[in-house]
Enquirer: 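What follows is a single structure, and I will ask about it in a moment.
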Amino acid sequence: MGITRIGAWILHPDLGVLRRDSSEVRLNAKTLHVLLVLLDAGDRGVPRSELLDRVWGSTYPNDAVVSRAISDLRSAFGEKAGEEKYLRTLPKFGYQLVAEVGEETQIESGSKPAPDRNRAWAWIAIPVVIAAIAFTARQFYEPSPNSTGQIYLPPARPMTSAPGLEQQPRFVPESDWVVYTAIRSGQQDWDLFRVNRSDGGSQPVAVTPGVHEHGPAPSPNGEQLAYVRFDEHGCEVVIQPLVLGVPEPIANCTRKFPTLVDWSSNGELLAYTSAEADDADGFRRLHAINIVSGEIQPLSVDVTPTGTDFYPRFSPDNNQLAFLRGEPQPDHRSTLWVLDLASRKEMQITRQPAQLTGMTWLNPQEILYGFVDSGRIEGRVIDLQKDIEKTIPGFNLIHPEYKGDERLLIGARQSGKRDLYLLNAAGEGQYVAASTGDDFHGRLSPDENWIAYVSGRSGFEEIWIANTKNQNVRRLTNFEGATVRYPDWHPGGNLILFSAQTSQGERLFEADVISGAVNQLSVLENEATMPRWLPDGESWVHGCRISGDWGICISNRQNTRLIASGFYQPQPLDQDQLAVVDHSGALYRLSVTDGGIESLWRGLHPRAGWSISGSKLVYATAGQKVEESRLVELNLETGVSHDLFHGSLPLNDVVINIGQKSGAILFTRHQQPSDDLVIFEDVQLDH
């Protein structure tokens, strides 16, 4: 289905927008899909049941989603109450598209002014819309080659297959080698290897016990390798001869920050991420070091306090630098930017923060990048000069790398996700609300009949609720791009408190479970995270950033009060006491009334998940091997402990929840984590 006129509006199905004169309305994925089903039906009325089956499949909580989509369509078309110029309601049946429909071959004549560039970026880079188009295209028509994308991928050939994670591949110029990072099963350090794309032979490049080698970048002449080395003592950018050379430090980088580095194509500059010691705000910006003179200069400027500029990639002509801006850990939500190196002007390419999987230049005007959509990795090619973006069929790559002179595309293919697992009091486990996307930060409702959690199944990570008995699920929020985290049930079971990243930083919100209404709690002007209701249901505790330092605050709808600084992950023990941890993983009891501190236990993995119920502490800890992480139950009074679960657990940014009625334990685990390199040969670009 091509560009279509519907009444006075023009539908661009490949962009997910309706246009009328100078007006433009963007449709979300489901609303667009409903419109395409109605268009496909012609003059036929479409039953509500057919819309549910074709648009939502088995993922909808109730048929109210149809009414909402129809209401959104009426608003998009500008229909007033009682009007049926575009959509007709067929009582007790469904809906019919009644506006005049025709094919539109020319939309904007040459006499019209060129579209505003900034406005153009706002609609060309919304991942969920394009993902919906790709789905509906498969449902309703067989696309022509020119409408599916600008890059065609032949069958992929595997290059690596060792257990563990293999990522960040880079072609070594003037050779058949590819250098990459790897963390093997049972090991804790990232190391560098190279693999020959002709015979598959692999060799170590930088393997130092206790040190992470990360983000390799071969020099343009293929003789040297730049990368980041970091451990508990710090971080440095180093250069060494490609094979088994001695690394030479050339710059400091942000401590424990696994970023990539990149050479300019003339071999003079090396770009990397760093927070300079004399930078008062401590922002992590991009810097470049001149390899010859050693001079360091900042590249990016406008990074926000909650974000970081990372993954720099010079364009082939050395005129531009692509990079990601966002918060790379723990959830990798970011936007794509391009910096003009001559004017130092920054241009935002994608609008909504998303889990981007890396990018590579195809040529001086086109960038290929990937993002996570509904648990799957989708690909895009964006033309910076023409403001055109198209999808890539068959793309499923992390850290893509393109070699234009040989038409080669390489990257890591990902296997594995986070899911919720529920252990009952007898130690029996079950999946909870399984989906194709990551599910995490689960919290049991007071009656334990529901779970609130964060899920990426819709294309964006939002708050969902799932029934523990019948697996029915329902989406509760619709932020479409914000970083939504840490839901917590009100003691009455009718509200859910959570945090979301906004343009002003991380803020607290509450969602009504019955109505779906979401309100921001505006009593706190500073950043807030990990909220937990207190038993009275009138106040809550949370992490808070005040004057640049994180601490613990208590809030109600009128005011906020700082209790203590230097502590994290508050969990109410009762109305007057909290359990908190410090940066070393030591566990304390904190008084809400006077800020008094009492030591409870030392031995938690810093930032790992934990929860307390009475004298029972449940926590996650690393095992001897990556896949042997453990969930442990410890009696704080007797000191006796035993293992509850063995497997791969994401230790950082994990929420563990103990049901107060049954003692059931809800936690997040990893399923089959593995990334292997694949290569596409003879890639075809369509211009």
Enquirer: Hey, what's the ring geometry for Y486 with H441, parallel, tilted or perpendicular (30° and 60° as the breaks)?
Expert: parallel
Enquirer: Answer yes or no: is there a side-chain heavy-atom contact under 4.5 Å between Y402 and P316?
Expert: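 No, too far: nothing below the 4.5 Å cut-off.
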Enquirer: So how far is it from L27 CG to L36 CG, rounded to the nearest 0.5 Å?
Expert: 9.0 Å
Enquirer: Can you tell me how far SG of C253 sits from NE2 of H214, rounded to the nearest 0.5 angstrom?
Expert: 11.5 Å
Enquirer: Determine yes or no for a side-chain-to-main-chain donor-acceptor pair under 3.5 angstrom, with T477 supplying the side chain and I463 the backbone.
Expert: yes
Enquirer: Taking side chain to side chain contact (heavy atoms under 4.5 Å, CB included) as the definition, give me every residue that meets it alongside D405, ordered by chain and number, with sequence neighbours left out.
Expert: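 Partners of D405 under the side chain to side chain contact (heavy atoms under 4.5 Å, CB included) test: K403.
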Enquirer: Quick one: CZ on F680 to OH on Y152, what's the gap to the nearest 0.5 Å?
Expert: 15.0 Å
Enquirer: Check V655 against G442 and note the closest heavy-atom contact, atom names and distance.
Expert: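 Heavy atoms only, the tightest pair is CG1-O, 3.7 Å.
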Enquirer: State whether the side chain of T360 and the backbone N or O of L368 hold a donor-acceptor pair below 3.5 Å, judged by distance alone.
Expert: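 Not confirmed, T360 side chain does not pair with L368 backbone.
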Enquirer: Look only at the side chain of T160 and the backbone of L677, and say whether a donor-acceptor pair between them is shorter than 3.5 Å.
Expert: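 Side chain of T160 to backbone of L677: a pair is present.
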Enquirer: Restricting to ring-ring contact (aromatic ring centres under 6.0 Å, His included), what partner residues turn up for F193, sequence neighbours left out?
Expert: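 Partners of F193 by the ring-ring contact (aromatic ring centres under 6.0 Å, His included) criterion come out as none, since no residue qualifies.
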Enquirer: Could you work out, with side chain to side chain contact (heavy atoms under 4.5 Å, CB included) as the rule, every residue matching N318, not counting sequence neighbours?
Expert: S264, S265, N266, F314
Enquirer: Roughly how far, to the nearest 0.5 Å, is the CZ atom of R194 from the OH atom of Y180?
Expert: 11.5 Å
Enquirer: Are the side chain of E462 and the backbone N or O of V484 linked by a donor-acceptor pair below 3.5 Å?
Expert: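 No, because the side chain of E462 does not come within donor-acceptor range (under 3.5 Å) of the backbone of V484.
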Enquirer: Can the ring centres of H399 and Y311 be said to be less than 6.0 Å apart?
Expert: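 Judged by ring-centre distance (under 6.0 Å), H399 and Y311 do meet the cut-off.
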Enquirer: Closest approach of V178 and R197, non-hydrogen atoms and distance?
Expert: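 Shortest heavy-atom contact: CG2-CD, 4.4 Å.
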Enquirer: In plain terms, say whether E346 and R325 are close enough for a salt bridge, that is, a side-chain N and a carboxylate O under 4.0 Å apart.
Expert: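 Judged by the 4.0 Å cut-off on N to carboxylate O distance, E346 and R325 do form a salt bridge.
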Enquirer: Closest approach of V228 and C235, non-hydrogen atoms and distance?
Expert: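 Closest approach of V228 to C235, heavy atoms only: CG1-SG, 3.4 Å.
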Enquirer: Check S274 against H287 and note the closest heavy-atom contact, atom names and distance.
Expert: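 Closest pair (atom of S274, atom of H287, distance): O-CE1, 3.2 Å.
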Enquirer: I want to check something: taking the side chain as every heavy atom from C-beta on, are L397 and T357 in contact at a cut-off of under 4.5 Å?
Expert: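 Heavy-atom side-chain distance check fails, nothing below 4.5 Å.
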Enquirer: Within the structure provided, determine whether L420 and T668 are in side-chain contact (heavy-atom separation under 4.5 Å).
Expert: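 Counting from C-beta outward, L420 and T668 do come under 4.5 Å.
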Enquirer: Quick one: are I239 and I291 in side-chain contact, heavy atoms under 4.5 Å?
Expert: yes
Enquirer: Before you tell me yes or no, could you show the steps for Q348 and W337 under side chain to side chain contact (heavy atoms under 4.5 Å, CB included), namely the whole-Å CA-CA distance, both residues' side-chain angles and the distance that decides it to 0.1 Å?
Expert: CA-CA 4 Å; Q348 185 172 348; W337 291 68; 3.2 Å; yes
Enquirer: Quick one: does any side-chain atom of W464 pair with a main-chain N or O of V473 as donor and acceptor, under 3.5 Å?
Expert: no
Enquirer: With T621, which residues qualify under side chain to side chain contact (heavy atoms under 4.5 Å, CB included), at least two apart?
Expert: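 Here the qualifying residues are Y619, R630, V632.
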Enquirer: Determine whether the side chains of T208 and E213 contain a donor N or O and an acceptor N or O closer than 3.5 Å.
Expert: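 Side chains of T208 and E213: pair found under 3.5 Å.
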Enquirer: Among D262, L286, V338, which residue satisfies the side-chain contact (heavy atoms from CB on, under 4.5 Å) criterion with F323?
Expert: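 So the option named by the test is L286.
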Enquirer: Would you say the side-chain atoms of S300 pair up with the backbone N or O of R285, donor to acceptor, closer than 3.5 Å?
Expert: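 Side chain of S300 to backbone of R285: no pair is present.
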Enquirer: Any ion pair linking R313 and E401 (charged N to carboxylate O, less than 4.0 Å)?
Expert: yes
Enquirer: Run the salt bridge (Lys or Arg N to Asp or Glu O under 4.0 Å) check on R407 and D682 step by step: do they pass?
Expert: CA-CA 5 Å; R407 297 190 301 189; D682 195 26; 2.5 Å; yes
Enquirer: Give me the atom names and distance for the closest heavy-atom approach of W177 to V195.
Expert: CE3-C, 3.4 Å
Enquirer: Answer yes or no: is there a side-chain heavy-atom contact under 4.5 Å between V205 and P216?
Expert: no
Enquirer: Would E406 and F171 count as a side chain to side chain contact (heavy atoms under 4.5 Å, CB included) if you check the C-alpha gap in whole Å, the side-chain angles of each, and the deciding distance to 0.1 Å?
Expert: CA-CA 11 Å; E406 297 185 52; F171 289 106; over 6 Å; no
Enquirer: Test L341 against N319 for side chain to side chain contact (heavy atoms under 4.5 Å, CB included), laying out the working first.
Expert: CA-CA 6 Å; L341 293 173; N319 292 329; over 6 Å; no
Enquirer: State which residues pass side chain to side chain contact (heavy atoms under 4.5 Å, CB included) with P158; sequence neighbours excluded, sorted by chain then number.
Expert: none
Enquirer: Does R380 use its side chain to pair, donor to acceptor, with the backbone of I367 at less than 3.5 Å?
Expert: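 Looks like no, no N/O pair under 3.5 Å.
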Enquirer: Measure from the side-chain N and O atoms of D189 to the backbone N and O of G210, and report whether any donor-acceptor pair falls under 3.5 Å.
Expert: yes
Enquirer: Just to verify, what does Q240 make a side-chain hydrogen bond (donor to acceptor under 3.5 Å, both in side chains) with, not counting sequence neighbours?
Expert: Y227
Enquirer: Would Q224 and W263 satisfy side chain to side chain contact (heavy atoms under 4.5 Å, CB included), going step by step from the backbone distance to the final call?
Expert: CA-CA 11 Å; Q224 294 179 297; W263 299 78; 4.0 Å; yes
Enquirer: Do L225 and L192 come within less than 4.5 Å of each other through their side chains, counting heavy atoms only?
Expert: yes
Enquirer: Of the non-hydrogen atoms in A288 and L299, which two are nearest, and what is the gap between them?
Expert: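 Of all heavy-atom pairs spanning A288 and L299, the closest is CB-CD1, 3.8 Å.
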Enquirer: Would you give the length of the straight line joining atom CD1 of I410 to atom CD1 of I679, rounded to the nearest 0.5 angstrom?
Expert: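 Answer for the CD1-CD1 pair, I410 versus I679, is 4.5 Å.
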Enquirer: Counting distance only, does the side-chain N/O of H212 pair as donor-acceptor with the main-chain N or O of F230 below 3.5 Å?
Expert: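 The answer is no, because no donor-acceptor pair under 3.5 Å joins these two groups.
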Enquirer: Report yes or no: does E236 contribute a side-chain atom to a donor-acceptor pair with the main-chain N or O of R229 at less than 3.5 Å?
Expert: no
Enquirer: Quick check: do L324 and L336 have side-chain heavy atoms less than 4.5 Å from each other?
Expert: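 Counting from C-beta outward, L324 and L336 do come under 4.5 Å.
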Enquirer: Could you check whether any side-chain heavy atom of E223 comes within less than 4.5 Å of a side-chain heavy atom of E174, counting everything from C-beta outward?
Expert: no
Enquirer: Ion pair present between R413 and D676, side-chain N to carboxylate O less than 4.0 angstrom?
Expert: no
Enquirer: What distance separates E681 CD from L153 CG, expressed to the nearest 0.5 Å?
Expert: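 Output value for this atom pair is 12.5 Å.
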